[in-house]
Amino acid sequence: MARRDLAAVAANEHGRARLELEFEQPYLLGPLFGDYDRHLITIEQRLGVHIAARGNRVQIEGEADSAARAREVLIGLYNRLDQGHDVDAEAVEAVLGVAAQPNLDGIISDEVASPPRVMIRTRKKTIVPRTPVQTAYMEALARDEMIFALGPAGTGKTYLAVAQAVSQLISGSVDRLILSRPAVEAGERLGFLPGDMKEKVDPYLRPLYDALYDMLPTEQVERRIASGEIEIAPIAFMRGRTLNDAFIILDEAQNTTPQQMKMFLTRFGMRSRMVICGDPYQVDLPDPSKSGLADAVGRLTGIKSIATVRFSAADVVRHPLVGRIVDAYEGPNA
């Protein structure tokens, strides 16, 4: 083991405990603690514990349950570093989220301490899941032919889909990557906007470009777009096509009408994979009740080879404030 428990003081009559760990590879403690101990401070603030580091030993004091979870978080982050993965503020928040899942007190959950069951490799990075739902989603991306990914912003729905698509394009299991989203703000009547067609639609497709540039070197993205291996277009451009040997992603799918969604889904071709991402709570259509995403999920749930993955605010991997904002808008008092 790369670390060992030195002491575990039983909870006293007030329900408090003191746990102590020793880490055997001191060179990993800098990235584990973070600059100016910022990772330790985050764990303290989120779990209400006190953490004291002396050399390669760490002592955790607090409520018994919170101290046990802080121990899980530190061990999980340390193991990630030991396996060659980076630990940043987002990783700390992700492991904190996983440690909040039900498990036996004082026992390191498999999700936190074990190597990830699934990962996605691209030219620029290797991506591992940061929440249990992301794990299920990445498994579905590798297994199923059509996946509906539903949930709030910041949960990695589109980002992980683009990563899987790029991985399959690199490996040769698909010939093309097709990324689409509705240009709902312009009603898909783009003629009045200035510029050529690419300049008209690019602002609506910018998040997809950003994800691509995070997976591939800039010159490869531009070369593959020029050659047609990667196509980024509004959903209106999909009409009348059959998309074989392709990985197809529809982003912001909640802003399609049922007719648009039917048109898009029936583009599905041989040896292809399709991912439909959207947030049912962020419908920008004139009549939000007529979202093609909700209609499609209602019709297609239970069909073989079609998976539906539902994210929640607990799966937000951006700043933790984003998760709290989502809760405020979508919670019981919304």
Side-chain angles (χ1 to χ4, degrees), residues 1-83 85-118 128-136 155 311-317 319-321 323-324 327:
M1 291 288 290
R3 55 86 205 164
R4 61 192 178 95
D5 296 315
L6 286 179
V9 179
N12 61 23
E13 64 273 17
H14 301 293
R16 296 185 65 80
R18 183 171 70 250
L19 307 176
E20 193 166 323
L21 298 171
E22 180 180 28
F23 296 98
E24 296 182 357
Q25 301 187 64
Y27 71 94
L28 294 178
L29 298 186
L32 174 64
F33 297 164
D35 296 337
Y36 304 103
D37 292 340
R38 62 191 180 100
H39 297 335
L40 298 184
I41 293 170
T42 297
I43 297 168
E44 288 179 324
Q45 292 174 341
R46 291 289 301 278
L47 297 178
V49 298
H50 175 70
I51 301 174
R54 296 179 180 85
N56 64 335
R57 295 186 181 187
V58 173
Q59 188 175 89
I60 307 164
E61 293 188 56
E63 297 294 330
D65 179 72
S66 297
R69 298 199 186 285
R71 168 184 173 274
E72 290 186 7
V73 170
L74 286 170
I75 293 171
L77 293 170
Y78 182 85
N79 287 347
R80 289 191 179 205
L81 289 165
D82 198 30
Q83 295 158 15
H85 302 299
D86 292 334
V87 166
D88 55 14
E90 290 185 357
V92 174
E93 292 293 342
V95 176
L96 278 164
V98 172
Q101 304 300 315
N103 57 76
L104 295 175
D105 290 342
I107 303 298
I108 307 164
S109 67
D110 290 341
E111 297 288 352
V112 174
S114 299
R117 299 197 304 265
V118 61
V128 298
R130 293 186 169 185
T131 72
V133 178
Q134 281 196 353
T135 298
T155 52
F311 294 86
S312 70
D315 301 299
V316 172
V317 293
H319 192 285
L321 183 59
R324 295 194 286 272
D327 275 338

Legend entry - Distance (rounded to the nearest 0.5 Å) between Arg69 CZ and Glu72 CD: 6.0 Å

Inset, instruction - Show your working on side-chain contact (heavy atoms from CB on, under 4.5 Å) between Leu47 and Leu96 and close with a plain yes or no. - result: CA-CA 9 Å; Leu47 297 178; Leu96 278 164; 3.9 Å; yes

Inset, instruction - Calculate, to the nearest 0.5 Å, the distance between atoms CZ and CD1 belonging to Phe33 and Ile43 respectively. - result: 9.5 Å

Inset, instruction - Kindly compute the distance separating CG (Leu77) from NE2 (His39), expressed to the nearest 0.5 Å. - result: 7.5 Å

Inset, instruction - For the pair Leu32 and Phe23, evaluate side-chain contact (heavy atoms from CB on, under 4.5 Å) and give the outcome as yes or no after the intermediate values. - result: CA-CA 11 Å; Leu32 174 64; Phe23 296 98; 4.1 Å; yes

Legend entry - Under 3.5 Å donor-acceptor, Glu22 side chain and Asn56 backbone: no

Legend entry - Atom pair CG (Leu29) and CG (Leu81), whose distance is rounded to the nearest 0.5 Å: 9.0 Å

Legend entry - Shortest non-hydrogen contact from Gln134 toward Thr155: NE2-O, 2.9 Å

Inset, instruction - Compare every heavy atom of Leu40 with every heavy atom of Ala53, then report the nearest pair and how far apart it is. - result: CB-CD1, 4.4 Å

Legend entry - Least distance between heavy atoms, Gly62 atom then Val49 atom: CA-CG1, 4.4 Å

Inset, instruction - Please name the pair of heavy atoms, one in Arg38 and one in Ala89, separated by the smallest distance, quoted to 0.1 Å. - result: NH1-CB, 3.9 Å

Inset, instruction - With rounding to the nearest 0.5 Å, note down the distance linking CZ in Arg16 to OG in Ser66. - result: 9.0 Å

Legend entry - Euclidean distance, Arg71 CZ relative to Glu20 CD, rounded to 0.5 Å: 12.5 Å

Legend entry - Set of side-chain hydrogen bond (donor to acceptor under 3.5 Å, both in side chains) partners for Tyr36, sequence neighbours left out: none

Legend entry - Check: Asn79 side chain, Gly76 main-chain N or O, donor-acceptor pair, under 3.5 Å: no

Legend entry - Heavy-atom closest pair, residues Pro26 and Glu24: CD-O, 3.4 Å

Inset, instruction - Determine the minimum heavy-atom distance between Ala67 and Ala17, stating which atoms define it. - result: CB-O, 4.5 Å

Inset, instruction - Indicate yes or no for a side-chain donor-acceptor contact from Glu44 to the backbone of Ile51 under 3.5 Å, with no hydrogens or angles considered. - result: yes

